[in-house]
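Notes for the one structure printed next.
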Amino acid sequence: EQDFQEWQEHPVTKAQQKLFQVWREKLRDQLEQGILKADTGFAYACLQAELVGNLGVLRQLQDLEYSQLIGELSDD
């Protein structure tokens, strides 16, 4: 757990977290401004779903906790 805490405090990790935040804000802006362009309603829905999925992944990466990491990596 100490290694995880040290990793979170590392300057590269902090820079990565800031980058994730910038990406999340850009994706949210794209959704809110409705700037997605597609030829069909289905294609538009797919683009929108992709953006929402990307937002979710970035949120999970930013909010990762030690217990989640260990739980996912355990060989239960």
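The model shown is predicted, which means the values in this text are computed figures rather than measured ones.
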Query - Qualifying salt bridge (Lys or Arg N to Asp or Glu O under 4.0 Å) pairs with a residue from residues 3-29, counting only residues at least two apart or across chains - result: Glu9-Lys14

Requested in this report: Drop me the distance from Phe4's CZ to Thr13's OG1, to the nearest 0.5 angstrom.
Outcome: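 If we round to the nearest 0.5 Å, Phe4:CZ and Thr13:OG1 are 9.0 Å apart.
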
**Report entry** Separation of Gln16 CD from Gln8 CD (nearest 0.5 Å)
**Finding:**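 So the CD of Gln8 and the CD of Gln16 are separated by 11.5 Å.
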
Requested in this report: Could I get the full list of side-chain contact (heavy atoms from CB on, under 4.5 Å) partners for Ala45, not counting sequence neighbours?
Outcome: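 Partners of Ala45 under the side-chain contact (heavy atoms from CB on, under 4.5 Å) test: none.
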
Report task. For Leu19, enumerate each residue passing the side-chain contact (heavy atoms from CB on, under 4.5 Å) test, keeping only those at least two apart in sequence or located in another chain. Result ->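 side-chain contact (heavy atoms from CB on, under 4.5 Å) check on Leu19 returns Trp23.
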
Report summary line: In short, Leu55 meets Leu31 closest at the heavy-atom pair CD1-CD1, 3.6 Å

Requested in this report: Consider only side-chain heavy atoms of I, L, V, M, F, W and Y, link residues closer than 4.5 Å, and tell whether Leu61 and Leu51 are in one cluster.
Outcome: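 Yes.
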
Query - For Tyr44, ring-ring contact (aromatic ring centres under 6.0 Å, His included) partners two or more places apart - result: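 Here no residue qualifies.
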
Please list, one pair per line, the donor and acceptor atoms closer than 3.5 Å that link side chains of residues 64-73 to other protein atoms, with sequence neighbours excluded.
{"from": "Tyr66", "atom 1": "OH", "to": "Glu1", "atom 2": "N", "distance (Å)": "3.4"}
{"from": "Gln68", "atom 1": "OE1", "to": "Glu65", "atom 2": "N", "distance (Å)": "2.8"}

Report task. Could you tell me whether Asp39 atom CG has more than 12 heavy atoms of other residues or ligands within 6.0 Å of it? Result ->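 Not buried by this count: 12 neighbours or fewer within 6.0 Å.
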
